[in-house]
Amino acid sequence: MSTLPSISVEICGACHPFYTGQRRFVDTEKRIDKFNRKMILAEEKKKAADKIKISKKIQKKAPGSKDMSVKEMLEHIKKEEGQ
């Protein structure tokens with residue numbers, strides 16, 4: 001019923017996941033990869049923030065903590081939590 005001689009589409013009704021029942025992603029703009037990268041960066045930022053919180057917590061609790069290395073501080077916290 002179109003006035004055009006032919007219509008070109010990326011996905012037709014025969015292969016579209018909605019009609020076929022298949023789960024398939026059509027990611028032409030790499031949106032999924034972009035989202036995954038954002039999630040990884042967010043997790044890394046959260047881990048870094050947690051390390052900062054732990055070091056501040058250690059400095060408040062541990063006597064002479066300014067002279068301790070991060071590894072020693074973590075061991076000190078583990079000992080305290082274990083008790």
Side-chain angles (χ1 to χ4, degrees):
M1 296 291 182
S2 175
T3 57
L4 299 173
S6 67
I7 299 174
S8 176
V9 293
E10 278 185 41
I11 300 176
C12 64
C15 60
H16 193 277
F18 179 77
Y19 300 109
T20 61
Q22 296 175 350
R23 187 172 181 188
R24 184 172 55 188
F25 294 107
V26 178
D27 189 17
T28 57
E29 296 180 11
K30 304 294 182 199
R31 291 181 184 167
I32 295 171
D33 294 334
K34 186 176 179 181
F35 176 78
N36 287 336
R37 275 187 261 130
K38 283 184 180 180
M39 294 302 294
I40 290 169
L41 287 174
E43 288 176 12
E44 289 174 357
K45 285 181 181 179
K46 184 178 178 185
K47 287 179 183 179
D50 288 344
K51 286 181 181 179
I52 291 171
K53 287 179 186 178
I54 289 172
S55 66
K56 287 182 180 180
K57 182 179 176 182
I58 293 170
Q59 288 176 356
K60 288 180 182 178
K61 286 187 174 183
S65 61
K66 292 181 181 179
D67 299 331
M68 292 181 159
S69 69
V70 175
K71 184 177 179 182
E72 292 171 339
M73 288 181 198
L74 291 174
E75 289 174 1
H76 181 74
I77 286 180
K78 287 179 184 177
K79 286 179 185 176
E80 284 185 357
E81 290 177 355
Q83 293 177 356

Which value, rounded to the nearest 0.5 Å, describes the distance between K38 atom NZ and N36 atom CG?
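Answer rounded to 0.5 Å: 11.5 Å.
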
Heavy atoms, side chains only, cut-off 4.5 Å: are F35 and M39 in contact?
yes

Tell me, do I40 and R37 make a side-chain contact under 4.5 Å, heavy atoms counted?
no

